Each structure stands twice: as structure tokens, then as C-alpha cells.
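In this text the structure is predicted, and so the values were computed from the model without any measurement.
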Amino acid sequence: MQWRNTPQRWGMIAQLLHWLIALAVFAQIALGWIMIYWRLSPTKFQLYSLHKSLGVTLLLLVVIRLLWRLGNPAPPLPAGTPSWERRTAFLTHELLYVLLIALPVSGYLINSATNFPLVVWGVLPLPNITGENKALEELAEALHLALFWLLALLLLLHIAAALRHHWLLQDDVLRRMLPARRRGH
């Protein structure tokens, strides 16, 4: 397996980052819904702490992925892919990256505006980026929720496009992001 991307497939590092980010995003979605409906208790605070720590970790993974991508261009779409589809794929991926950065930042802003300490994984304290501010907290919460719904929509589009390529078009767009199977196994 190649570490770096090739014109035929994503490299092992890009695949690892993609699937770690995907797992973290789906964990964040589940945590987000569970924590807001959980009754006020120590468990609720633990869920919030986990959501915040995972959010910071997710932001770091996305930055690493973007830096890796600078030196490892994406494999091209199959020949014959219509230009509208190429543009849509490009814009969707760019917007996914923007959202994967904006969501943790808006969450950090919510946390700061509530003047609640943020300690990542219980060991790394992060300073607040703003003072306590109820109006800013409410604005950041509304933004965070709107960004979440946009991300959910784009994730559905991204997954549907991958499945379309795999099942309908029967090309390698999805397979090249999956770990390579060894021949004969």
C-alpha cells in the first residue's frame, strides 16, 4: 500500500485521515444529540466534555489532512466525468473542509462565551477566546446548529455520490478510498 496518493488511488495516510475524520464526525453527531437531551447530571457534563475534546481533535485532524493534501493531490475523477460533476465534487469537498473547521470553531466560541473552562481530554486547558457574553453565546449556538445541518446535508450528498459511483457507474471512485485488498485474500 502506498503512503502517498497516486493518480489511481488515495494513499494510506489520506485514507486513514478520511476514515478517522468520518468516524469522529459521526461520533460528534451522536454525542451532540445525546448530550442536549440528557437530563442535567454529571453524565451530561461528561458528554459535553467528550464532545468538546473530540471537536478539538477533529479540528486538528482536518488541519493535518489539509496540510497532507497540499503535497498529495487528489486522484482525478474518471475520464469522461461531466464538468458539472467535477465542479460539484470540488465545491462539495471544499465546503466540507470549511464546515469541518467552522463547526469546532463555533463550538469553541460557544464554550468561551459561556465562560466555561475547556480542558481537552482532561489534560490540555485551552484559554477562552472571548469573555462571557450571552448574546454571542446565542449567536454562536445558532451558527453551530445551522452549520451542523449544512454538514449533515453535505454528508448525505457525499455518501450518495460515492454510492452512485460504486453501484450505478461502477467505477473506482469509492474503492480507491478503501484499503486495498491483497490479491488472493
Do side-chain atoms of [X] reach the backbone of [Y] as a donor and acceptor pair under 3.5 angstrom?
X: S53; Y: S49; result: yes
X: N5; Y: P75; result: no
X: R4; Y: I13; result: no
X: K44; Y: R39; result: no
X: Q15; Y: W10; result: yes

Which ILVMFWY residues can you reach from [X] by hopping between side chains whose heavy atoms are under 4.5 Å apart?
X: L91; result: F90
X: F45; result: L40, F116
X: L23; result: none

Just to verify, what does [X] make a side chain to side chain donor-acceptor pair (under 3.5 Å) with, not counting sequence neighbours?
X: T57; result: W121
X: W19; result: none
X: R175; result: H166, D172

Counterpart residues, side chain to side chain contact (heavy atoms under 4.5 Å, CB included), relative to [X] (two or more places apart):
X: I21; answer: V25, L58, L61, V62, R65, L100
X: L156; answer: none
X: S83; answer: R87

Does H93 have any ring pair (Phe, Tyr, Trp, His ring centres under 6.0 Å) partners at least two apart in sequence or in another chain, and if so, which?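 H93 satisfies ring pair (Phe, Tyr, Trp, His ring centres under 6.0 Å) with H158 once adjacent residues are dropped.
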Sorted by chain and number, sequence neighbours left out, ring pair (Phe, Tyr, Trp, His ring centres under 6.0 Å) with F148 holds for W33
Which pairs, with at least one residue in residues 46-74 and sequence neighbours excluded, count as a ring-ring contact (aromatic ring centres under 6.0 Å, His included)?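 Residue pairs with at least one partner in residues 46-74: there are none.
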